[in-house]
Protein chains: 2
Amino acid sequence: MRPTLQTVADAVGVSRSTVSNAYSRPDQLSADLRDRILTAAAGLGYAGPDPTARSLRRRRAGAIGVLFTAKLSYAFTDPYAVQFLRGLASSAEQGRTGLLLLPLSMDDEEAAVAPVNDAVVDGFCVYCLPDWHPALAALEARGLPVVAGQKRPGSQASFVGIDEAAATRAAGEHLVALGHRRLAVVGEYFTVAQSTGPVTIKSPGDVAYYTDRERLRGYQEALAEGGVPWSSVATVNVARNGRAEGAAAAAYLLDRAPRPTAIAALSDILALGVLDAVRARGLRPGHDVSVVGFDDIPDATTEGLTTVHQPAAERGRRSGLLLLDPPTDPADRSVVLPTTLVVRATSGPAPS
Amino acid sequence: MRPTLQTVADAVGVSRSTVSNAYSRPDQLSADLRDRILTAAAGLGYAGPDPTARSLRRRRAGAIGVLFTAKLSYAFTDPYAVQFLRGLASSAEQGRTGLLLLPLSMDDEEAAVAPVNDAVVDGFCVYCLPDWHPALAALEARGLPVVAGQKRPGSQASFVGIDEAAATRAAGEHLVALGHRRLAVVGEYFTVAQSTGPVTIKSPGDVAYYTDRERLRGYQEALAEGGVPWSSVATVNVARNGRAEGAAAAAYLLDRAPRPTAIAALSDILALGVLDAVRARGLRPGHDVSVVGFDDIPDATTEGLTTVHQPAAERGRRSGLLLLDPPTDPADRSVVLPTTLVVRATSGPAPS
DNA sequence: TTGAAAGCGATACCAC
DNA sequence: GTGGTATCGCTTTCAA
């Protein structure tokens with residue numbers, strides 16, 4: 001049997017408390033005794049207090065859970081997610097806390113909440129979840145600190161994010177100011193149609209995910225204000241947030257007449273795919289067709305993409321801080337980070 | 001105070017065991033009683049058995065720890081790592097287990113082992129650690145299942161990996177067969193020199209990391225057999241496994257005379273950087289200079305890089321399986337996956 | 001300084 | 001089908 005505190009205590013001839021102190025509060029006993037205990041422990045093959053037992057007693061797990069929908073592997077593929085996790089990791093590291101990655105199945109109701117109920121963590125970071133996801137209720141029930149990237153009515157969760165709609169409103173105004181009137185918006189709308197292709201979105205409210213919903217709303221508002229009716233705007237859904245999907249969506253838009261003069265994508269990855277399609281047709285981005293993205297991932301700079309910059313790593317970092325010790329004042333539990341429109345080479349005056 | 005099993009038991013007027021059964025073994029009680037219990041629990045705001053307490057009792061944490069050196073964020077940036085984690089995640093998911101990411105500081109002796117001692121996990125996956133890292137001993141002491149990507153003498157750990165040296169031996173033979181005699185090898189050797197630039201490596205044994213050490217050894221063997229003395233081979237160290245660093249290393253090699261006719265990089269990321277440098281000088285990869293990588297990451301295909309293919313995701317997946325239930329027979333705890341040399345466009349006959 | 005005793009919240013075995 | 005009892009391994013007052 002593996003040795004326990006008791007084993008060591010017996011071997012040295014002291015009580016458990018003393019052995020415990022030897023590990024957790026070295027200042028509570030003489031250096032000499034502590035040495036004897038540690039030596040005996042090493043001899044017995046005792047590796048130190050059991051983390052689980054310690055967690056139970058101390059009421060601290062030493063980990064924060066990160067909730068994802070879909071396959072966990074998605075988290076590693078999306079550049080925005082990588083940046084976000086990087087920031088989250090940096091504050092976790094600082095707080096001597098690990099990151100527990102928790103995939104949330106979408107199909108099975110049971111599997112969708114189990115990770116939330118079973119995770120040994122001190123808090124949760126909700127990366128991205130649709131409003132109807134059952135895990136949301138489970139989360140609330142566990143009563144642990146939660147931080148999310150969106151505000152949900154009635155939720156106790158902290159918020160660290162950006163004003164999504166304001167960000168795309170700026171982008172929309174930019175395009176309108178350049179004279180664009182025929183526009184299209186490409187996004188992962190998670191509509192009933194799970195495939196890449198045109199969809200009709202009567203109102204942004206129909207979109208399941210907060211992020212895309214708000215971003216779409218921003219565009220709608222800017223265009224409406226600029227005199228471009230929403231009904232004239234083509235919306236194309238992609239099955240996945242991938243570069244190839246962006247290209248496929250753009251292919252649809254570019255191959256029909258009249259071609260839009262500007263295509264807004266709700267993520268940079270999609271926008272880069274759009275650029276691929278534009279170039280593949282011998283069209284010049286920023287001249288024949290303007291393209292705007294969202295996120296400002298590293299490749300956006302390289303490829304000269306006009307996009308909305310958002311502080312991805314900082315979002316992660318601040319989320320971690322809020323989880324590590326949640327402020328008592330609710331006002332401090334909501335952080336809105338700034339975004340900026342970065343105009344590069346892919347947006348220009350509408351062709352006449 | 002938050003409700004516990006006892007609270008619910010008292011409210012319903014049954015014993016703790018019964019409430020526990022209601023959650024963990026529904027078949028042990030009448031559906032009716034179970035319903036009553038669950039309803040009462042919901043009313044009291046009881047979210048189900050406490051995961052920590054349950055872990056203690058069941059002796060199962062429901063998570064596996066993934067050990068990294070350096071910044072945790074590195075894990076998200078390296079394409080090979082992403083693939084590996086993807087595979088690991090897939091088997092973890094299947095085993096209803098989370099992934100606990102544990103960054104291992106390199107500087108502080110204390111911080112270097114703490115994560116290993118404190119992690120609430122059922123096993124560890126060692127992603128990449130130098131042989132002298134103190135966490136290795138701590139790992140052994142904890143007595144949990146461990147799987148690593150390299151064999152370490154005297155270690156109990158399972159092994160899932162490839163024959164690194166055989167892989168590069170094949171690559172080296174390929175280059176020799178093409179007539180190359182002036183060669184260079186670029187790698188993250190972790191020598192004393194922490195900067196990008198030429199280093200002298202008398203023998204592969206001097207390299208701190210297993211992976212690079214073995215890969216270097218493979219090249220040395222192939223070249224020696226082909227009549228190319230090791231002393232004639234230029235070795236260049238990079239400070240980080242990045243594309244820009246690969247380019248910088250290649251710059252050094254390409255700007256001096258006589259220029260090597262072939263450059264082998266110990267990772268694809270580096271090789272792509274080497275390609276950048278080659279092209280920047282107006283040289284043609286595969287004609288003027290041959291370039292070989294290692295890993296076969298997605299971009300390698302795109303860029304036509306000759307490289308060694310290794311099954312990254314499969315390594316992760318098999319690692320997960322071994323951790324989830326370790327085979328009793330030690331022979332089954334060692335998995336060597338195959339690698340193949342993929343000859344694409346960046347390698348060709350040595351220029352005369 | 002050191003130790004005794006009382007939990008932390010749950011599960012598992014075994015009677016009833 | 002249900003409940004008693006003994007742990008799981010540790011931390012933490014509090015008194016000696």
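Chain letters run A, B, ... following the sequence lines, proteins first and then strands; every chain starts at 1. Quick caveat, the model's predicted, so the values are computed rather than measured.
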Atom pair distance, as rounded to whole Å: [atom1] in [X] and [atom2] in [N]:
{"X": "A:Arg34", "N": "C:dT1", "atom1": "CZ", "atom2": "P", "value": "14 Å"}
{"X": "A:Arg2", "N": "D:dC8", "atom1": "CZ", "atom2": "P", "value": "15 Å"}
{"X": "B:Arg25", "N": "D:dG1", "atom1": "CZ", "atom2": "P", "value": "13 Å"}
{"X": "A:Asn117", "N": "C:dA10", "atom1": "CG", "atom2": "P", "value": "12 Å"}
{"X": "A:Asp10", "N": "C:dT2", "atom1": "CG", "atom2": "P", "value": "17 Å"}
{"X": "B:Gln6", "N": "C:dC8", "atom1": "CD", "atom2": "C1'", "value": "13 Å"}
{"X": "B:Arg16", "N": "C:dA12", "atom1": "CZ", "atom2": "P", "value": "14 Å"}

Heavy atoms under 4.0 Å, any strand shown: does [X] hit a base, just sugar-phosphate, or nothing?
{"X": "A:Leu29", "answer": "sugar-phosphate"}
{"X": "A:Thr4", "answer": "sugar-phosphate"}
{"X": "A:Ser30", "answer": "sugar-phosphate"}
{"X": "B:Thr52", "answer": "nothing"}
{"X": "A:Tyr46", "answer": "sugar-phosphate"}
{"X": "B:Ser24", "answer": "sugar-phosphate"}

Quiz item: Strictly by modelled atom types, are B:Thr97 and B:Arg60 linked by a side-chain donor-acceptor pair under 3.5 Å?
Solution: yes
Quiz item: If every non-hydrogen atom of B:Gly316 is compared with every non-hydrogen atom of B:Ser91, which pair is closest and at what distance?
Solution: O-OG, 4.1 Å
Quiz item: What class does the angle between the rings of B:Tyr46 and B:Tyr23 fall in, given that below 30° is parallel, 30 to 60° is tilted and above 60° is perpendicular?
Solution: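 Ring orientation of B:Tyr46 relative to B:Tyr23: perpendicular.
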Within the modelled atom types, does a donor on one side and an acceptor on the other bring the side chain of [X] and the base of [N] under 3.5 Å apart?
{"X": "A:Arg57", "N": "D:dT12", "result": "no"}
{"X": "B:Thr18", "N": "D:dG1", "result": "no"}
{"X": "B:Ser17", "N": "C:dA12", "result": "yes"}

